[in-house]
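This report concerns only the one structure given below.
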Amino acid sequence: MNKKMKKIIAIVIILLGIISIITTSLNLQVTLGNTEAFLAGEVDVPVSSVLTWGLNLMQVLGFFYIVFAEKFKKSNLFWILVLPLGCIVLGTRQLLRLNKLTLIED
């Protein structure tokens with residue numbers, strides 16, 4: 001896979017992490033702001049669970065791609081515990097690594 005495609009994958013993973021943090025905070029505002037109405041079923045969360053699960057699945061796939069295919073240390077699997085933040089961190093590390101390789105080659 002060429003460097004341009006690797007950069008695109010890293011940027012997509014970073015964006016997925018940011019979107020996941022935003023959707024989680026939106027859902028938390030509704031569930032914690034009006035707990036009784038939410039538990040009674042009167043209020044629904046603004047972001048559906050299908051979208052949330054889809055975001056998480058895509059993050060996990062990208063996360064494992066970066067850790068295993070790009071030969072990161074296996075200790076980076078720690079970041080899966082905090083998945084959205086971990087995707088942002090590993091995506092940024094991947095971009096920095098690719099930019100460093102580009103500077104060395106020039």
Side-chain angles (χ1 to χ4, degrees):
M1 190 177 295
N2 61 8
K3 289 181 186 177
K4 185 176 182 179
M5 189 65 180
K6 289 180 182 180
K7 285 182 181 182
I8 290 172
I9 289 173
I11 291 170
V12 166
I13 291 173
I14 292 170
L15 290 175
L16 286 174
I18 292 170
I19 291 170
S20 181
I21 290 172
I22 292 170
T23 58
T24 302
S25 65
L26 286 174
N27 284 345
L28 281 176
Q29 285 178 356
V30 170
T31 56
L32 296 178
N34 201 356
T35 308
E36 294 83 16
F38 175 74
L39 292 175
E42 298 169 0
V43 178
D44 198 15
V45 290
V47 180
S48 69
S49 60
V50 173
L51 179 64
T52 305
W53 277 99
L55 278 171
N56 289 338
L57 180 63
M58 290 176 8
Q59 286 178 35
V60 167
L61 293 175
F63 187 87
F64 282 126
Y65 166 76
I66 284 184
V67 170
F68 291 109
E70 295 299 320
K71 296 180 179 69
F72 272 90
K73 292 180 181 177
K74 302 304 181 259
S75 61
N76 285 312
L77 288 174
F78 151 79
W79 286 106
I80 204 159
L81 296 174
V82 284
L83 187 61
L85 181 62
C87 286
I88 293 169
V89 168
L90 287 182
T92 305
R93 282 185 184 175
Q94 175 71 355
L95 283 176
L96 291 173
R97 176 189 267 185
L98 290 171
N99 287 337
K100 180 180 172 184
L101 290 174
T102 305
L103 291 174
I104 292 172
E105 291 175 357
D106 290 340

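Residue numbers start at 1 and run along the sequence shown.
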Quick check: is [Y] connected to [X] through a chain of hydrophobic side chains (ILVMFWY, heavy atoms under 4.5 Å apart)?
{"X": "L77", "Y": "V89", "value": "yes"}
{"X": "I66", "Y": "L61", "value": "no"}
{"X": "I8", "Y": "L90", "value": "no"}
{"X": "F64", "Y": "M5", "value": "yes"}
{"X": "F78", "Y": "F63", "value": "yes"}

Distance-minimising heavy-atom pair for [X] and [Y]:
{"X": "P46", "Y": "N27", "answer": "CD-OD1, 3.4 Å"}
{"X": "G91", "Y": "A10", "answer": "O-CB, 3.7 Å"}
{"X": "L83", "Y": "N56", "answer": "CD2-O, 3.8 Å"}

In Å, rounded to the nearest 0.5 Å, how long is the span from [atom1] of [X] to [atom2] of [Y]?
{"X": "N2", "Y": "K7", "atom1": "CG", "atom2": "NZ", "result": "10.5 Å"}
{"X": "I11", "Y": "L95", "atom1": "CD1", "atom2": "CG", "result": "5.5 Å"}
{"X": "L55", "Y": "I18", "atom1": "CG", "atom2": "CD1", "result": "12.0 Å"}
{"X": "K3", "Y": "N99", "atom1": "NZ", "atom2": "CG", "result": "9.5 Å"}
{"X": "I21", "Y": "C87", "atom1": "CD1", "atom2": "SG", "result": "9.5 Å"}
{"X": "L57", "Y": "Q59", "atom1": "CG", "atom2": "CD", "result": "9.5 Å"}

- Task: For residues I80 and V67, determine if any side-chain heavy atom of one lies less than 4.5 Å from a side-chain heavy atom of the other.
- Result: no
Notebook entry, point to check: Heavy atoms, side chains only, cut-off 4.5 Å: are Q94 and I9 in contact?
Noted result: no
- Item | Donor-acceptor under 3.5 Å (S20 side chain, L16 main chain) | no
